[in-house]
J.: 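Before we start, here is the structure in question, set down as structure tokens.
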Amino acid sequence: MRGKKLRLPIVGRVIPIVEDDYVVMAVEQGGDPADTKAQFATGFLKVTPAHDPNDWEIGIRHGVAAINVMAPDASISDRHGWEDVSAEARAFVGLSREDARTAIVAWFKANGLLEGVKPYRHSVGHSYRSHVPVEPYLSEQWYVRVTDDRLRGAALRSMNPAQRDGGAAAATGVAHGATSSTAANAAAVGDGEITFYPPRYAKTFQHWHENIRDWCISRQLWWGHRIPVWSAEVAANDVVDRAAVDAARGELVGCNGAWRTMGCSEAVRRRPDGVYERFVCVAEHADSVAIPALTAAGFRQDEDVLDTWFSSALWPLSTLGWPDPARFDMQGLLEKWNPSAVLSTAREIITLWVSRMVMFNRYFLGGRVPFKHVFIHAMVQDGFGQKMSKSLGNGVDPRDIIQTHGADAMRFTLVQMTTDTQDVRMPVDMVDPWSGEMFSPRTITDAAGYTVADPMQVSPKDPSKKITSAYGAATGKATPSTDAPLALNTSARFDVGRNFANKVWNATRFALGNLTPVAGDPSVDPATRPLVDRWIVARLSHALATYERALAGYRFNDAADATYDFVWREVCDWYLEAIKPTVKTDAAQQQVLRTVLDASLRLLHPQMPFITEQLWPAVAATGQAGLRGVHVPAAPLCARAGWPSVDASVTDRAALATFGRVQQLVDEIRTLRGARQVLPKRKITLLAPAVVRALVAEAGGVIEALAGIGEVADLPTERPAGAVPIAFEGQELLLVNFADAVDLGAERVRLDKVVTEKLRLISGFEGKLGNPGYLAKAKPELVAETRAMLDEAKADLDAARRSLDALR
RNA sequence: GGGCGCUUAGCUCAGUGGCAAGAGCGCUGCUUUUACACAGCAGUGGUCACUGGUUCGAAUCCAGUAGCGCCCA
């Protein structure tokens, strides 16, 4: 059939048969049996290049004419490109496209040409607003030639070289503002200045620009910036350079006419019908003059508006007064805030908005980039990994979270849960309007396959009471009423932040109760303080460093964890508990506490602005915080308080190591107390060798306070009756007055477990050290560490065995 | 079809070559000890999706497989 033609029914037009890979062959013709299309394919396809994008491509490949048979209202029309209307086809002109399709089938049937109709599932694009199927339609649109090097090239050159082409530095993170200015060829303004966080998103940016196509900016919408192009048909003899225009075969040709002198751009083209058309793009500053003149001359403005991303791309410029800052009284803003430091946005925005801002900013501002860093944040999904949406009722409203958990709780939780490796799930709970309690809703699967809350829920407290879910209300499947009130959505995930806020509040309250209001003495030297004070200062320094490192890499969850761990785990759990016996009478310790508290509020403030600001004046009223080497200058507001700084010299490594031993000993004793359910108020006696007693003494009462020790004494030669042994640093310690009656059987079981565990460890370490490859290739300090751990495990094993023997 | 991720405790997530894999929630036990029960102390809980490879050593690096998600076409 190659090269043959056929007559198209109804229309009567003779059309060519072409061959194209797009056509799916039937299975019997060699089509893929796994392809459902191949199962009913015929190997033939009628194409309409003017009304289908795939057909359009086929038309281009084979030179098939695109004949438009529709009016802009999508009715069948003979006035928009379809000229050879046959008598038979005339009956269809004027019908709606739906009616026309039905009528065509009816015509085929009536003429005995219809072989069959088969059902076929496929997907058709629908308008997101009106929900009608989208009808591809040939029309003229304005484009931006983004493939021009001044746009696409400039965007690619703006990338940090370490992140381009998957640069090796991208994997390890990139220093701020690295511009590789050492390159021999002097880089142009803005080149290499944009860095992505996390670095992998640079690839998205690069890939997009390398494959970018010219950008259609015409949109047939009501809202938006109207395209500032005016046009009118002109007489042939009004076209100055007619030869060039004719040669351009319908393309626009720029020209220097009267409009150009007003500052507008001007172009002419010759339409396929031979008529000349003049286009004038009106410059913003020429509005008042050009537009009345154009109107008077019979020009009409394009009906379309700009793509929303075209308008958005102007954001870094127009918000700062561009193109005429003086006119908007915005002088200097562009110079001060463009480029800005960081743009925070979502993944899909990289191509839609980031790209366009970069191209426009560089184009209009002599190469300047609009921002230096692009931070791509995670997205929050519901508990089933679905996007939160209003229509599914599976979203949470920040205002509801503020009501159920508080603003600081919401903020902190979001910061802490939003990591840079993946999107996060937030199981959505509901608030029972009857009881105020939070509960997990019963779910159903909707028609589209989404997991959603059952429209009608029942109160977890009283199953006779009904509740309308957000999904029910959003879909109209249930209507909130006094009998079935609407439940707010929330999430138990925010409990973390609420509990933390509560902790911060109460810890501060406690500290305030222990601080005697004085002037405050920032000259107190931490080095002169007891172990626990030196330790908490070192930990403050560590928390600050962790926080700063996290922030520099836009890892906000790490920053949140740093404050959470420092404030809760270290300040509250250890420091406040440890100083309870001493702080009231120790002015210098109060100064340490005052400083730790003050610095904690500064750390917390970006994550919990309200509660910290509320606490700030109360803390400030206790006196000037600060220590020698720990700087927290006074400030009237927490929001304006400087970031704390700790001199490196203040970090006492010995204190960190010693306090680590203290914690280990306390943990050992506490574990045993917990296992034997020894009441907190019961004070026990610790019998220990000199080295352990020295540690207890150095800790300055901390071990006694935290482990419930009443007395510490030397190990007697004779083991006291009822003494319970523990192993610590390879030594055997004894706890006396531990319980009224010691269950020897339980102690043996416990010690047997210790022996088993130590044997397991020892075999692991010995296995490592018995491996010649490990000894030869692992770092020497690592090998030494393994040896030390082996020795300690062996000593612990011996101590546990001695204890076991003593119990027999 | 192309690209980028993800799969670790019941749940939500950390952990990019080296101790015995962590946190929060949940669960279990004890404690209402004058900051906090939205708490404290202790405990239980994991063949790090699967298969192979590299390495003295792999949750971590490489290849493949399976499943899930997003972006682009």
Side-chain angles (χ1 to χ4, degrees), chain A residues 53 171-173 198 200-208 210-213 346-352 376 378-381 383-387 405-406 409 413 416-427 440 491-514 555 557-558 560-561 564-565 568-569 572-573 576-577 580 666-667 669-682 705-708 757-758 760-762 764-765 767-779 781-783 785-786 788-790 792-793:
Chain A
T172 52
R200 65 174 179 279
Y201 291 111
K203 204 174 282 183
T204 306
F205 185 85
Q206 180 175 349
H207 191 254
W208 163 256
E210 285 171 348
N211 296 284
I212 201 168
R213 297 202 214 171
R347 276 189 296 274
E348 71 267 23
I349 302 301
I350 295 171
T351 54
L352 293 171
I376 305 297
M379 308 277 281
V380 179
Q381 304 167 335
F384 305 98
Q386 307 167 146
K387 245 185 185 174
H405 288 80
T413 304
Q416 196 196 35
M417 76 187 290
T418 304
T419 66
D420 70 10
T421 52
Q422 59 179 325
D423 288 341
V424 287
R425 292 186 182 194
M426 179 183 286
S440 293
S491 175
R493 294 298 308 276
F494 293 108
D495 290 357
V496 177
R498 183 199 56 193
N499 295 353
F500 188 38
N502 182 60
K503 190 73 180 178
V504 168
W505 184 265
N506 283 303
T508 307
R509 222 157 48 91
F510 168 76
L512 291 172
N514 283 280
R555 293 187 311 276
N557 63 310
D558 287 346
D561 285 343
Y564 187 92
D565 289 342
W568 198 321
R569 303 274 83 97
C572 292
D573 290 352
L576 292 183
E577 294 300 330
K580 271 179 181 174
V666 169
D667 282 342
I669 298 170
R670 279 176 165 178
T671 300
L672 200 52
R673 291 185 76 121
R676 297 289 173 270
Q677 297 181 357
V678 177
L679 294 181
K681 51 180 165 273
R682 182 169 193 135
L706 297 183
E757 175 62 14
K758 296 296 175 191
R760 194 174 71 81
L761 277 182
I762 288 167
F765 293 143
K768 268 193 161 181
L769 293 168
N771 179 343
Y774 179 69
L775 297 178
K777 297 191 180 176
K779 276 179 269 182
E781 57 267 33
L782 198 67
V783 176
E785 201 184 329
T786 306
M789 285 189 296
L790 174 62
E792 185 170 330

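In this text the structure is predicted, and so the values were computed from the model without any measurement. All chains are named by letter (A, B, ...) in the order of the sequence lines, taking the proteins before the strands, and each is independently numbered beginning at 1.
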J.: Distance from A:Glu785 atom CD to A:Phe765 atom CZ, nearest 0.5 Å?
T.: 9.0 Å

J.: Starting at CG of A:Leu706 and ending at P of B:A42, how long is that distance when rounded to a whole Å?
T.: 10 Å

J.: By nearest nucleotide on RNA chain B, pick out whichever of A:Lys779 and A:Gly674 is the more 5' one.
T.: A:Lys779

J.: Report yes if a side-chain nitrogen or oxygen of A:Asn499 is closer than 4.0 Å to either non-bridging phosphate oxygen (OP1 or OP2) of B:A39; otherwise report no.
T.: yes

J.: State, to 0.1 Å, how close A:Asp420 and A:Pro198 come at their nearest heavy-atom pair, and which atoms those are.
T.: CB-CG, 3.6 Å

J.: Quick check on B:G43: is either OP1 or OP2 less than 4.0 Å from any side-chain nitrogen or oxygen of A:Thr671?
T.: yes

J.: Under 4.0 Å, heavy atoms only, any strand: does A:Arg569 hit a base, just the sugar-phosphate, or nothing?
T.: sugar-phosphate

J.: Side-chain N or O of A:Lys387 less than 4.0 angstrom from OP1 or OP2 on B:C71?
T.: yes

J.: For A:Phe500, answer base if it contacts any base atom (sugar-phosphate contacts may also be present), sugar-phosphate if it contacts only those atoms, and nothing otherwise; contact means non-hydrogen atoms under 4.0 Å.
T.: nothing

J.: What nucleic acid atoms does A:Leu679 come within less than 4.0 Å of, heavy atoms only: base, sugar-phosphate, or nothing?
T.: sugar-phosphate

J.: Under 4.0 Å between any heavy atoms, over every strand shown, what does A:Val678 touch: base, sugar-phosphate, or nothing? Just pick one.
T.: nothing

J.: Looking at the side chain of A:Arg425, which of B:G3, B:C13, B:A35 is the nearest nucleotide?
T.: B:C13

J.: Mind calculating the distance between CG (A:Asp495) and P (B:G26) to the nearest angstrom?
T.: 7 Å

J.: At 4.0 Å (heavy atoms only), tell me whether A:Arg509 reaches a base, stays on the sugar-phosphate, or touches nothing.
T.: sugar-phosphate

J.: Pick base, sugar-phosphate or nothing for A:Asp573, based on heavy-atom distances below 4.0 Å to the nucleic acid.
T.: sugar-phosphate

J.: Between A:Arg670 and A:Leu706 (side chain of the first, backbone of the second, donor and acceptor by atom type, cut-off under 3.5 Å), is there such a pair?
T.: yes

J.: Hey, which sits more toward the 5' end of RNA chain B by its nearest nucleotide, A:Arg347 or A:Phe510?
T.: A:Phe510

J.: Would you measure the distance from the P atom in B:A66 across to the matching atom in B:A23 and give it in whole Å?
T.: 36 Å

J.: Grab the CG-P distance between A:Asn211 and B:G1 for me, whole Å please.
T.: 18 Å

J.: Looking at the side chain of A:Thr419, which of B:A35, B:C72, B:C13 is the nearest nucleotide?
T.: B:C13

J.: Tell me: NZ of A:Lys768 to P of B:C19, nearest whole Å?
T.: 6 Å

J.: Could you give the distance separating B:G17 and B:C6 at their P atoms, to the nearest angstrom?
T.: 15 Å

J.: Looking only at the side chain of A:Ala778 (C-beta and beyond, no hydrogens), which of the listed nucleotides B:C72, B:C4, B:G18 gets closest?
T.: B:G18

J.: Using the C1' atom on both, measure B:U47 against B:A58 and round to a whole Å.
T.: 15 Å

J.: If you check the A:Lys203 side chain, which of B:G3, B:G69, B:A20 turns out closest?
T.: B:G3

J.: Mind checking if A:Tyr201 touches a base, just sugar-phosphate, or nothing, with heavy atoms under 4.0 Å?
T.: nothing

J.: Just N and O in the side chain of A:Trp568: are any of them under 4.0 Å from OP1 or OP2 of B:A35?
T.: no

J.: Taking atom NE2 of A:His207 and atom CD1 of A:Ile212, what is their separation to the nearest 0.5 Å?
T.: 12.0 Å

J.: Say you draw a straight line from OG1 of A:Thr204 to CD1 of A:Ile349; how long is it, rounded to the nearest 0.5 Å?
T.: 12.5 Å

J.: Once rounded to the nearest 0.5 Å, what's the spacing between atom NE2 of A:His405 and atom CG of A:Asp495?
T.: 4.0 Å

J.: If you check the A:Thr351 side chain, which of B:C72, B:G24, B:A20 turns out closest?
T.: B:C72

J.: Just to be sure I understand the rule, does A:Asn771 reach a base, reach only the sugar-phosphate, or reach nothing, if contact means heavy atoms closer than 4.0 Å?
T.: sugar-phosphate

J.: A cation-pi test, strictly: NZ or CZ of A:Lys503 under 6.0 Å from the centre of the six-membered ring of A:Tyr564 and no more than 45 degrees from its axis. Yes or no?
T.: no

J.: Determine the minimum heavy-atom distance between A:Val504 and A:Thr508, stating which atoms define it.
T.: O-OG1, 2.7 Å

J.: State the dot-bracket string of RNA chain B. Criteria: Watson-Crick or G-U wobble, both atom distances under 3.5 angstrom; notation: ( ) intrastrand, [ ] crossing earlier pairs, | interstrand, . unpaired.
T.: ((((((((.[[[[.)..(...]]]].(((((.......))))).....[[[[[..)....]]]]]))))))).

J.: Contact class for A:Arg760 (heavy atom, under 4.0 Å): base, sugar-phosphate, or nothing?
T.: sugar-phosphate

J.: Could you state the atom-to-atom distance from CZ of A:Arg676 to P of B:U31 in whole Å?
T.: 16 Å

J.: Between A:Thr786 and A:Leu782 (side chain of the first, backbone of the second, donor and acceptor by atom type, cut-off under 3.5 Å), is there such a pair?
T.: yes

J.: Measuring from atom NZ of A:Lys387 to atom CG of A:Asp423, what distance do you get when rounded to the nearest 0.5 angstrom?
T.: 9.5 Å

J.: Does a side-chain N or O from A:Lys681 land closer than 4.0 Å to OP1 or OP2 of B:U33, or not?
T.: no

J.: To the nearest Å, give me how far apart NZ (A:Lys758) and C1' (B:C19) are.
T.: 12 Å

J.: Pick the C1' atom in B:C41 and in B:U32, then give their distance to the nearest Å.
T.: 14 Å

J.: If we take the C1' atom in both B:G29 and B:A37, what is their distance in whole Å?
T.: 16 Å

J.: Any donor-acceptor pair under 3.5 Å linking the side chain of A:Arg673 with the backbone of A:Leu679?
T.: yes

J.: Looking at A:Gln416 and B:A23, is any side-chain donor or acceptor paired with a base atom of the opposite kind under 3.5 Å?
T.: no

J.: Identify which nucleotide among B:C38, B:A42, B:C36 has an atom closest to any side-chain atom of A:Arg498, counting heavy atoms from C-beta outward.
T.: B:C38

J.: Could you check which of B:C4, B:A35, B:A20 has an atom nearest any side-chain atom of A:Arg200?
T.: B:C4

J.: At 4.0 Å (heavy atoms only), tell me whether A:Asp423 reaches a base, stays on the sugar-phosphate, or touches nothing.
T.: sugar-phosphate

J.: When the P atoms of B:G15 and B:U55 are considered, how many whole Å apart are they?
T.: 28 Å

J.: For B:A63 versus B:G5, give the span between their P atoms, rounded off to a whole number of Å.
T.: 12 Å

J.: Expressed as a whole number of angstroms, how long is the span from A:Asp558:CG to B:A23:P?
T.: 16 Å

J.: Output the distance between atom CD1 (A:Ile762) and atom CD (A:Glu792), rounded to the nearest 0.5 Å.
T.: 11.0 Å

J.: Please give, in whole Å, the distance from B:G40 P to A:Asp667 CG?
T.: 15 Å

J.: What I want to check is whether an N or O donor and acceptor connect the side chain of A:Lys503 with the base of B:C36 at under 3.5 Å.
T.: yes

J.: Remember a base hit wins even if backbone is also touched, and classify A:Asp565 as base, sugar-phosphate or nothing at under 4.0 Å, heavy atoms.
T.: nothing

J.: Under 4.0 angstrom, heavy atoms only, what part of the nucleic acid is A:Thr204 near: base, sugar-phosphate, or nothing?
T.: nothing

J.: Heavy atoms only, 4.0 Å cut-off, all strands: where does A:Lys580 land among base, sugar-phosphate and nothing?
T.: base

J.: Give A:Arg555 one of three labels, base, sugar-phosphate or nothing, depending on what nucleic acid heavy atoms sit under 4.0 Å from its own.
T.: nothing

J.: B:U8 and B:C48: how far apart are their P atoms, nearest whole angstrom?
T.: 11 Å

